[in-house]
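Before any comments, here is the structure.
Each chain gets a letter, A, B and so on, in the order its sequence line appears, and its residues count up from 1.
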Amino acid sequence: MIFKGIRGETVQDINFCFQNRNYVVVGASSGIGKQITLDLAESGANVLAIARNNERLDDVRLLYPDKITTAVINVLCARDNDWRGVLDPFVTKYGKINGGIYTAGISKIASLKMLDEEDARDVVETSFWGMLFFLKFITRKKYSCVGSSFVVFSSAASYIGQKGGIAYAAAKAAVSNAVKSIASEIAANKQRINSISPGWVKTNMTELAEQESGGIVSSDLESAYPLGLGVPKNISGMALFLMSDAASWITGSDVVIDGGFLVGRF
Amino acid sequence: MNEHDFIEQLVNLMDTEEDISMDSSLENIEEWDSLSYVSFLAMCTKHLGRRVEPQKVREAKTVRDLYEIVNE
């Protein structure tokens, strides 16, 4: 069945209704975070879209100006006061948050023997530490409703070995493992948290990684994906599902969405 | 970067114990593999502050060819 969203866009066979719900998306200016932001807005939610690039963020906001508000934060250095500074006004205006999504991540290819400490730390800070500082605040009762749901991003890369992927794989494995402990802590407030582990999704981040590898990555990429390479829309549906009431008994899980990459390798 | 420093960096990057000179053929250096190639691109980006053309690196036959890419 085909449905029409509030902007008349064609929606697929599952339709989410997030009217009067409030969400925060970190990493909202591009890739998977942008897609989730747009899908949430299309489903009627109020979204606080956060990224470090204000210009691209504003392009996202303009697609749903009455649904999306924006805030600029650099997750590499954002700490307590920065998070309070963006969450306070949003919650004051719209009410408590029903869920949060953290998609911020960067990839740097580096071999063990040529590991650059600064680059490796940036990778872990962006994917892992940034996520922790975000969750530390947003899961508080002051900001989030009873029953709110959080979705963070691990990666199919955390399941396997890949040359040059040490920091990225480790950071993403840290995410899906931290999720289990966080899930058991926040369950007291009926809050949930799950991670998604995407395979290769065509975004700015993976395009940069492809460039960085000088074509090595792309040369056999297609054949490693039985269902072909991913697009952000392949991921956002699961994120919205995990935030919906239909997922109210799912917490501490990692969901692999990879077009068959992990099962199909030969 | 002079020739001596370049060779030193390249030896470090590949972690090879072979004697490397400007005329060494990359084909004969066992450690010049896909990972060394990617590391070389990363090193160029980091130290030169610009991306070098991957195609040129792939086409390089000798250490001197790589040196010329760096010094372009």
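- The parts of L13(B) that come within reach of chain A are both its backbone and its side chain, each placing non-hydrogen atoms under 4.5 angstrom from that chain.
- Heavy-atom neighbours of R56(A) CZ from other residues, nucleotides or ligands within 6.0 Å: above the threshold of 12.
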Listing needed: what donor-acceptor pairs below 3.5 Å join chain A with chain B?
residue: S111(A); atom: OG; partner: S39(B); partner atom: OG; Å: 3.4
residue: K113(A); atom: NZ; partner: D15(B); partner atom: OD2; Å: 2.8
residue: D119(A); atom: OD1; partner: K46(B); partner atom: NZ; Å: 3.1
residue: D119(A); atom: OD2; partner: K46(B); partner atom: NZ; Å: 3.4
residue: G214(A); atom: O; partner: Y37(B); partner atom: OH; Å: 2.5
residue: G214(A); atom: O; partner: R58(B); partner atom: NH1; Å: 2.6

